[in-house]
Amino acid sequence: MGLCLRNCLCIVLIATAAVGGVSSNHGVFSVKYRYAGRERSLSLLKEHDARRQLRILAGVDLPLGGTSRPDGVGLYYAKIGIGTPPKDYYVQVDTGSDIMWVNCIQCKECPRRSSLGIELTLYDIKDSSTGKFVTCDQEFCHGVYGGPLTDCMANTSCPYLEIYGDGSSTTGYFVQDVVQYDKVSGDLQTTSTNGSLIFGCGARQSGNLDSTNEEALDGIIGFGKSNSSMISQLASSGGVRKMFAHCLDGINGGGIFAIGHVVQPEVNKTPLVPNQPHYSINMTAVQVGLDFLNLPTDVFGVGDNKGTIIDSGTTLAYLPEMVYEPLVSKIISQQPDLKVHTVHDEYTCFQYSESVDEGFPNVTFHFENSVSLKVYPHEYLFPFEDLWCIGWQNSGMQSRDRKNMTLLGDLVLSNKLVLYDLENQVIGWTEYNCSSSIKVRDERTGTVHLVGSHYLTSDCSLNTQWCIILLLLSLLLHLLIHQS
């Protein structure tokens, strides 16, 4: 299984494929925390969340995974194999965006190196015996654009363009090739398998995706709702159930993200808001300790952003001003002698030397179907220098497009198994030890398999101590061999 390290996440596919009858595959993508082991910065934290919210408004959001603490900044990325023979690619896992894409060989603005300690690879369709172009007359291309493309001939490659709210963009053309991953073959056991997917071949990148990005990756895997997303493609081919779950470990970092039917732990579910591009649900009330905040009934459905967005790629939680101000006031009032400081003009911080869980109240969000989500003080408060800072943020202070949106990030979602059931249009969650294991069902046989929290081994540049140890061990083994 390799060396298990912190700040990583494992994606598990519980797949079924029809081959002369229904068979079953269970697959794994190993995923790593992008900024593992790096110094945390409040300015980087807010900059990261601002970029993510801009991408949400532009239709690109919800990267699966995230930091284990609200004072961290980060995304998760997976290592997958593409092509025949397969080559390794490191791609960001994104549940909001729909298109999977990787940088291609002809790209001039694509990054060639990364400070993340990974080796970047440019996809070349000529190097893969299973790669083929997707043309404008194919059903997939029509589905992406809602019909035939004007001025796009039948034998021409189907183009794609993603423009993000932060100004970044990727453009290229669609190709189809084999994607390699590990299938679960038993309790905590995996073997290799693959599936054919259509994805973008990135020919030009700009903004945060171009060669100036030091923390570059090879591309993005989209797990959004549309038919072009990875989970939709796998589901339409009978490869998976259209449901997935993630569990972000707020203690050790990392966790599990499973595609398929998770049977344990069980979760309470609330319906998704219909006709919304994001994973949005209806919040009904906010409780601080034993008291409910007195809020207008329509406070969580302002403008075009109906409902509360669930986004595991945002590290903090953003609440409308009408919710944020009474919430923070209620929290601060628990300790009348606190000396409150404003850090970086937006973080409410204070000194406190006792146990925060004993000194401050739990915050509970209530949703449709009597589903609640409890957040403990040690989750919504985070240390900064010699202060404790509040992770709740005032979305009323954000720019026009993001003003008064309700968005719950890792501050709320960590240490919980969160289940997305797109077949029944519901989301659910339960408190859980994300460093443990979950149970998933083989849809063909009914067998339940145990899936643990596996980790993607870090490269030497990110784990110098481990590499030194391995080097010393190899030198010792070499000496012993020659002495004998």
Inter-residue atom distance [X].[atom1] - [Y].[atom2], 0.5 Å rounding:
X      : Y      : atom1 : atom2 : answer
Ile82  : Asn194 : CD1   : CG    : 12.0 Å
Tyr89  : Ile118 : OH    : CD1   : 13.0 Å
Glu423 : His261 : CD    : NE2   : 9.0 Å

Could you check whether any side-chain N or O of [X] sits under 3.5 Å from a backbone N or O of [Y], counting only pairs where one atom can act as donor and the other as acceptor?
X      : Y      : answer
Asn433 : Ser435 : yes
Asp218 : Val91  : no
Thr135 : Ser157 : no
Ser114 : Ala216 : yes
Asp187 : His449 : no
Ser395 : Leu319 : yes

Using a 4.5 Å cut-off on heavy atoms from C-beta on, say whether the side chain of [Y] contacts that of [X].
X      : Y      : value
Tyr420 : Phe244 : yes
Tyr347 : Leu316 : yes
Val418 : Ile427 : yes
Val412 : Leu373 : yes
Leu422 : Tyr279 : yes
Ile99  : Glu162 : yes
Ser228 : Phe199 : no
Ile80  : Ile221 : yes

| Aromatic ring pairing Phe174/Tyr160, orientation class (parallel under 30°, perpendicular over 60°, tilted between) | tilted
| task | For the residue pair Tyr173 and Phe133, categorise the inter-ring angle as parallel (less than 30°), tilted (30 to 60°) or perpendicular (more than 60°). | result | tilted
Cut-off 3.5 Å, side chains only: do [X] and [Y] have a donor facing an acceptor?
X      : Y      : result
Ser229 : Ser232 : yes
Thr308 : Thr406 : no
Ser206 : Ser169 : yes
Thr170 : Gln205 : yes
Tyr123 : Asp177 : yes

Heavy-atom closest pair, residues [X] and [Y]:
X      : Y      : answer
Ala245 : Leu417 : CB-CD1, 4.1 Å
Asn103 : Cys110 : OD1-SG, 3.3 Å
Tyr90  : Leu217 : O-CB, 3.5 Å
Val375 : Leu411 : CG1-O, 3.9 Å
Asp88  : Thr121 : O-OG1, 3.3 Å
Arg112 : Leu120 : C-CD1, 3.9 Å

| query | Does the pair Cys247/Cys434 show an SG-SG distance of less than 2.5 angstrom? | reply | yes
| query | Any chance the SGs on Cys136 and Cys158 are under 2.5 Å from each other? | reply | no
| request: Go through the steps to decide whether Arg204 and Glu109 satisfy the test salt bridge (Lys or Arg N to Asp or Glu O under 4.0 Å), and finish with yes or no. | output: CA-CA 6 Å; Arg204 183 181 180 89; Glu109 298 83 9; 3.0 Å; yes
| Does Glu431 pair with Lys416 as a salt bridge, N-O distance under 4.0 Å? | no
| query | Do Phe365 and Trp429 have ring centres separated by under 6.0 Å? | reply | no
| request: Check the pair Cys107 / Cys104 against disulfide (SG to SG under 2.5 Å), numbers first and verdict last. | output: CA-CA 6 Å; Cys107 183; Cys104 281; over 6 Å; no
| request: Could you point out which residue of Gln233, Gln176, Lys132 forms a side chain to side chain donor-acceptor pair (under 3.5 Å) with Ser196? | output: Gln176
